[in-house]
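All remarks here apply to the structure that follows.
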Amino acid sequence: MLKLEAVSQHYGSFRALTAIDLEVLPGELVVLLGANGAGKSSIFLSTSGLKKPTGGSISCFGSLLTGRTPSEIVRKGVVLCPEGRKLFPQMSVRQNLTLGAYVHRSDNSGNKRKLEEVFDLFPILAERESQAAGSLSGGQQQMVAIGRSLMSRPKVLLLDEPSLGLAPLVVKQVFEAIKRINKAGTSVLLAEQNAYAALKIADRAYVLESGRIVMQGSPESLMRNELVREAYIGA
Ligand SMILES: Nc1ncnc2c1ncn2[C@@H]1O[C@H](COP(=O)(O)OP(=O)(O)OP(=O)(O)O)[C@@H](O)[C@H]1O
Ligand SMILES: [Mg+2]
C-alpha cells in the first residue's frame with residue numbers, strides 16, 4: 001500500500017536519503033532501525049509531505065503522494081506521529097486530540113466515535129481529558145500524540161521514535177498499544193532505536209545507515225544478524 005521508490009532527500013547540498021526503496025503492505029507492522037542521523041525522520045517528512053523529496057516517488061494504494069500537501073496526504077490515510085510529540089502544552093488533552101480530527105471536522109459523530117476508541121486504548125487520557133497536555137508525564141504525552149494521530153483515521157500510521165525518553169515499563173505499554181492499533185487493522189511504519197522491543201512486535205524491518213537501506217528482512221533474521229546485534233541490541 002505505502003511505497004517509496006528511489007526516494008532521495010537533500011538539505012541544501014547535503015544528501016540525507018539515497019535511493020530509498022521501502023514498502024508497507026496492508027496490515028503490516030514494519031520497523032525502521034537506524035542510529036541518530038541515519039535519516040529516519042527524513043523518510044517520514046518526505047512521506048507526509050512536510051519536506052518534498054528531491055527525487056523518486058511515494059505512493060499509497062497506487063495514488064501518488066509526492067507533490068501533494070500534508071493535509072491531502074492525511075486525507076489519503078497516511079498520518080505522521082512526529083518525533084518529540086509536538087503537542088500544544090497549554091491546551092487540554094481533549095483539545096490536542098481533537099486537532100487530529102481537523103481533516104474530518106465535518107463528521108461530528110465519526111469523530112466522537114474515534115475519540116471513544118482513543119479513550120478505550122488509553123483510559124488514562126479519559127481521566128485526564130481536561131488537563132493541560134504539558135502537565136502530563138512523558139508516557140502520557142506520547143499517548144496523546146498517538147491518540148491525536150488516530151483521530152486523523154490513518155490507514156498507515158508513521159510513528160517516529162515513540163519510545164524516546166520513556167522509562168522501560170512505559171515503553172512496554174506504548175509498544176503494546178502500537179501492537180493493538182496494528183491488530184485492529186492499521187498498517188504501521190515504526191522508526192525506533194529501541195531495536196529489541198521494536199523487532200519483537202514487527203512483521204518486517206529495514207535498517208537505515210547514512211541515508212541508505214543497508215539491510216531488510218524478518219525480525220528473526222535481523223535479530224540473529226551480527227552487525228545489527230552489535231549496533232542496536234548489544235551482546
Ligand atoms: N533541517 C535540516 N538541515 C540540515 N540537515 C538536516 C536537517 N534535518 C536533518 N538533517 C540531516 O539529515 C540527516 C538525517 O537526519 P534525520 O533527522 O532524518 O535522522 P534520524 O534518523 O531521524 O535521526 P534521529 O534518530 O537523531 O532522530 C542528518 O545527518 C541530519 O543532520
Ligand atoms: Mg529522527
Side-chain angles (χ1 to χ4, degrees), residues 2-24 29-58 65-66 69-70 73-74 78-87 138-139 141-146 148-149 152 154 156-168 170-171 174-175 178 187-202 204-217 219 222 225 227-234:
L2 179 68
K3 198 167 188 176
L4 281 73
E5 291 171 282
V7 168
S8 60
Q9 184 63 279
H10 290 76
Y11 297 99
S13 61
F14 177 75
R15 183 191 273 268
L17 297 176
T18 305
I20 299 292
D21 290 318
L22 181 154
E23 199 171 8
V24 180
L29 196 162
V30 176
V31 163
L32 186 57
L33 299 179
N36 291 118
K40 304 181 295 299
S41 297
S42 298
I43 287 183
F44 286 156
L45 294 178
S46 299
T47 306
S48 54
L50 295 168
K51 185 163 187 342
K52 293 208 183 333
T54 43
S57 71
I58 304 174
L65 301 183
T66 344
T69 65
I73 292 174
V74 171
V78 179
V79 178
L80 172 65
C81 183
E83 183 177 298
R85 297 155 203 157
K86 307 279 186 325
L87 301 180
Q141 291 191 30
Q142 187 58 58
M143 293 172 197
V144 177
I146 295 173
R148 181 184 55 190
S149 315
S152 305
V156 190
L157 179 59
L158 312 173
L159 288 163
D160 197 352
E161 301 209 46
S163 78
L164 201 68
L166 305 182
V170 185
V171 172
V174 168
F175 275 72
I178 295 169
S187 305
V188 175
L189 180 60
L190 168 65
E192 268 295 335
Q193 297 197 42
N194 205 326
Y196 186 69
L199 287 176
K200 274 207 301 203
I201 63 168
R204 223 151 46 76
Y206 293 90
V207 180
L208 192 64
E209 245 176 59
S210 308
R212 292 174 190 269
I213 305 268
V214 293
M215 228 182 282
Q216 57 179 296
L222 292 190
N225 184 285
L227 296 172
V228 172
R229 295 188 69 88
E230 242 171 63
Y232 302 102
I233 300 176

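Note that ligands are numbered from 1 as they come in the structure, with each ligand's atoms numbered from 1 the same way. Note: hydrogens, waters and symmetry copies are ignored here, and every other heavy atom, side chains too, is used.
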From [atom1] ([X]) to [atom2] ([Y]), nearest 0.5 Å:
X      : Y      : atom1 : atom2 : result
Thr18  : Glu209 : OG1   : CD    : 12.5 Å
Leu22  : Ile213 : CG    : CD1   : 5.0 Å
Phe44  : Leu189 : CZ    : CG    : 4.0 Å
Ile73  : Ser152 : CD1   : OG    : 13.0 Å
Tyr232 : Leu227 : OH    : CG    : 9.5 Å
Ser42  : Ile20  : OG    : CD1   : 9.5 Å

Nearest option to [atom], as decided by whichever heavy atom of [options] sits closest:
atom                    : options                     : value
atom 24 (P) of ligand 1 : Asn36, Ile43, Leu208        : Asn36
atom 22 (O) of ligand 1 : Gly39, Gly211, Ser41, Gly12 : Ser41
atom 21 (O) of ligand 1 : Lys40, His10, Glu83         : Lys40

Problem - Short N or O distance, Ala38 and ligand 1, threshold 3.5 Å exclusive - result: yes

Exercise for the section: Answer yes or no: does an N/O atom from Gly37 fall short of 3.5 Å to an N/O atom of ligand 1? Expected result: yes

Practice task
Would you verify that at least one protein heavy atom lies under 4.0 Å from atom 8 (N) of ligand 1, or report that none does?
Solution key: yes

Exercise for the section: Answer yes or no for atom 30 (C) of ligand 1: protein heavy atom present at a distance under 4.0 Å? Expected result: no

Exercise for the section: Between Ala35 and ligand 1, find which residue part has any heavy-atom pair under 4.0 Å and reply side chain, backbone, both or neither. Expected result: backbone

[atom]: the protein heavy-atom neighbour that sits closest, reported with distance to 0.1 Å:
atom                    : answer
atom 11 (C) of ligand 1 : Phe14 CE2, 3.7 Å
atom 4 (C) of ligand 1  : Tyr11 CB, 3.4 Å
atom 15 (O) of ligand 1 : Ser42 OG, 3.8 Å

Exercise for the section: Check whether any N, O or S atom of Ser42 sits under 2.8 Å from the Mg ion (ligand 2). Expected result: no

Handout entry: Enumerated ligand 1 atoms positioned under 4.0 Å from heavy atoms of Ala16
Key = 12 (O)

Exercise for the section: Pull out every atom of ligand 1 sitting under 4.0 Å from any heavy atom of Gln193, numbered as shown with elements. Expected result: 25 (O)

[X] side chain near [Y] side chain, heavy-atom distance below 4.5 Å:
X      : Y     : value
Leu199 : Leu33 : yes
Lys86  : Cys81 : no
Val7   : Ile43 : no

Handout entry: 4.0 Å heavy-atom contact, Glu161 with ligand 1
Key = yes

Exercise for the section: Starting from the C-alpha separation in whole Å, work towards a yes-or-no answer on side-chain contact (heavy atoms from CB on, under 4.5 Å) for Ser163 and Val174. Expected result: CA-CA 7 Å; Ser163 78; Val174 168; 5.6 Å; no

Exercise for the section: For the Mg ion (ligand 2), find the closest N/O/S atom on Glu83 and give its atom name. Expected result: OE1

